There are 2 protein chains.
Amino acid sequence: MTAVGPRAREGGARGPAGNVPEGYDPHAFEPFAVTVDLAVFTVRGGALHALLIRRGQEPYAGAWALPGGFVLPRESAELAARRELAEETGLPDDVVAGLHLEQLRTYSEPDRDPRMRVVSVAYTALVPDLPEPRGGGDAAHAEWIAFGTRGQLAFDHADILADARERVGAKLEYTCLATSFCPPEFTLGELRQVYETVWGTALDRPNFRRKVLATPGFVEQVAGASRLTGGRGKPAALYRAGPATALHPPLLRPEGRQT
Amino acid sequence: MTAVGPRAREGGARGPAGNVPEGYDPHAFEPFAVTVDLAVFTVRGGALHALLIRRGQEPYAGAWALPGGFVLPRESAELAARRELAEETGLPDDVVAGLHLEQLRTYSEPDRDPRMRVVSVAYTALVPDLPEPRGGGDAAHAEWIAFGTRGQLAFDHADILADARERVGAKLEYTCLATSFCPPEFTLGELRQVYETVWGTALDRPNFRRKVLATPGFVEQVAGASRLTGGRGKPAALYRAGPATALHPPLLRPEGRQT
DNA sequence: TCAAAAGTGTTGCGGATACACCCATGC
DNA sequence: GCATGGGTGTATCCGCAACACTTTTGA
C-alpha cells in the first residue's frame, strides 16, 4: 500500500508543497481524509459554553465530540466549516455568512482516528447566546455544554477545545472579537461580562469602560437607546459593534494569567 | 465521482470531524493530497531572506516556490515539515530537531494546484544565517532570497509567505523567538538588528538593552566572553538564548505598524 | 430608604521614551 | 584623535490601576 506518489522525487522533478510530481496517480496510495472540526463558543449565564454533539456510534460511542464534517471535493476548508456551522447550530445561512470564523490549527497525528488517516482543520467561532441550537437536521443532536463540565471527549477533541479556549482568551486582548459573543445591541456591562467570563477575572468597571470607549471603532453608541440589565440599577446605554477589528492599545488581562 | 463517503450521514450516524461513517470506503472518492509548505526565514546582511526553490517543471516552471512536500502515510504534518526542512536546508538532523517550527495555517482552496486537490499545512521556521543551504539532495536547489526581491511565486505561495512574514513580525513582540535568528552566541546588537530588520524600524539601543535584560530568561550572559562586531567599537558581551519563551511585558514595535 | 448597576472624576505610581554621557577598540 | 559601537545613568511624560463619588432605577 505504501505510496508511490509521495515518494516520487527522482530526476530533479521534486515536488514542493502544492506540487505533484509527474506521473502521479491520485488513487495509487492510501488517501487522506480531510475534515473540519468546529470549536463554537458562547457565553451563557456567566459561564463559557461549547457546542458539542453526542456520538451515537463507535468509536467513542456515547462520548461528546466537536461538530464538524468532511470537506467536499470543491469546497475550501473555511467554506466547509461555515456549512457545518449552519447545519449544526440551525442558524440561518445569512447570519452564518457574517460570523467570524477563525482557523485555529490543523491536527494531523496519524492515529487520531483509529479507522483511517484523517487530517482535520479546526476552526473557532464565537456566537451570541442563541435561543437554542435546535434548528433542524443535525442541530437536533447539538447541545451547549458548560466548559469543562463533561468528562472525556472523543478523539483528540479535548486538545482542540483546550487550544481553542486558550486562543479565544488571547484574542480578546488585542482584537474586538468580544462583541461576537454579544447580541446586535448590548450594554458595556454585558461586554465586560464576556471578558470576565472568558478570562475568569473581575475587571474594574470604570477603567474597562474608558478603555473600550477610547478605542475608535470598537463600539458605537445606539443613539437614545437604553436598557435595564440586572432588573435593578440605572438603565445602560446600548452599543453596536463598530468597524474596528484590532485593539490598540490592547486590553490586557490582569496578573500573568489565570485559567 | 462525487463522494459517497463524505455525504453519508443517514440514520443519525452522522460523521463529526475526525469521524468516518460506517461503510465508508477510503478509495471511493477523489482523494485529497496533504502536503506541507515551509516559510523559512533568516536575517542576512540587514535584510530578511526566505528559503526558496526554483521550479523545474510545469506548472509555474522557472518560478520560485516554497520548499515542502508530501505528508507520508505514517507521519504527522509537523514531522513531515521537519523532515523536509532537514532535506532542503542540509542542516544536520539533530539541529533541525531542536529548531522552533510553528504551524502557520492550512491552505485549502480547491484550485490552488491546477492538477489535483492539494491541502497544504504551512509552517514557519526561523534559522540563523547559515553558511549555505547546499548540503545535499534537494538542498542543491534551495536559495536564500531577500524578501520581496523575486517576482511571482508559484501557486499561492506568495500569500503564504506574506502571512508568514506578518506572523513573524507579530511573534517578535511577545515571544523570545528573535534568538532563533541568531547563532548560539550573539551580542545584544545582533539581537537588536534582528528586530530592526524584521520590523523595518530603528530601535533605541539603551532602551532595547534594558527591556531584553529586564525579561528573566530571555537571554543569559556568557561569562567573560566578548566579541568585536563591526570591526570597530567596544567588544560586546555575548549572550545565549535563555529558557523563557514568552515576553512579559511585550516588546512593542513603535508607531502602529510599518511594512 | 436601601441596594444595585451605570457613569464620571481624580490621584499616584510604574514604565517607557528620549536623551546625555562614559568606555573600549580600530584606523 | 576620531569614528564607531557597547554600556550606564536620568528626567520627563503618559497610561493605567485604584478608588471615591454621583446618578438612576427597582424593591
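To find a chain, count down the sequence lines: A is the first, B the second, and so on, and within it residues start at 1. Everything numeric in this text was worked out from a predicted model, so none of it was measured.
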Check your understanding: With no hydrogens and no angle check, is any side-chain donor or acceptor of B/Thr175 less than 3.5 Å from a backbone partner on B/Ala246?
Key ->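 Such a contact is absent between B/Thr175 side chain and B/Ala246 backbone.
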
Practice item. Check whether any side-chain N or O of B/Tyr174 sits under 3.5 Å from a backbone N or O of B/Leu251 as a donor-acceptor pair, and report yes or no. Key: no

Whole angstroms only, please: what is the [atom1]-[atom2] distance between [X] and [N]?
| X | N | atom1 | atom2 | result |
| --- | --- | --- | --- | --- |
| A/Phe208 | C/dA5 | CZ | P | 16 Å |
| A/Arg253 | D/dA17 | CZ | C1' | 18 Å |
| B/Leu191 | D/dG7 | CG | P | 12 Å |
| B/Leu252 | C/dT17 | CG | C1' | 13 Å |
| B/Arg192 | D/dG7 | CZ | C1' | 12 Å |

Mind listing the N/O atom pairs, protein and nucleotides 7-13 of chain C, below 3.5 Å?
from	atom 1	to	atom 2	distance (Å)
C/dG7	OP1	A/Ala237	N	2.9
C/dG7	OP2	A/Arg209	NH1	2.9
C/dG7	O5'	A/Arg209	NH1	3.3
C/dG7	O5'	A/Arg209	NH2	3.4
C/dG7	N7	A/Arg205	NH1	3.1
C/dT8	OP2	A/Arg209	NE	3.3
C/dT8	OP2	A/Arg209	NH2	3.3
C/dG9	N7	A/Arg210	NH1	3.3
C/dG9	O6	A/Arg210	NH2	3.0

**Study point:** Sequence-distant partners of B/Tyr195, ring-ring contact (aromatic ring centres under 6.0 Å, His included), two or more places apart
**Key:**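 B/Tyr195 satisfies ring-ring contact (aromatic ring centres under 6.0 Å, His included) with B/Trp199, B/Phe208 only.
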
Review point. Which residues pass the side-chain hydrogen bond (donor to acceptor under 3.5 Å, both in side chains) test with A/Arg192, sequence neighbours left out?
Key: A/Glu196

Point to revise | Check ion pair B/Arg54-B/Glu143 (N to O, under 4.0 angstrom) | key: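 Salt bridge between B/Arg54 and B/Glu143, a charged N being under 4.0 Å from a carboxylate O: no.
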
Review point. OP1 or OP2 of C/dT17 sitting under 4.0 Å from any side-chain N/O of B/Lys211?
Key: yes

Check your understanding: Only one of B/Asp156, B/Asp163, B/Asp159 forms a side-chain hydrogen bond (donor to acceptor under 3.5 Å, both in side chains) with B/Tyr107, so which one is it?
Key -> B/Asp163

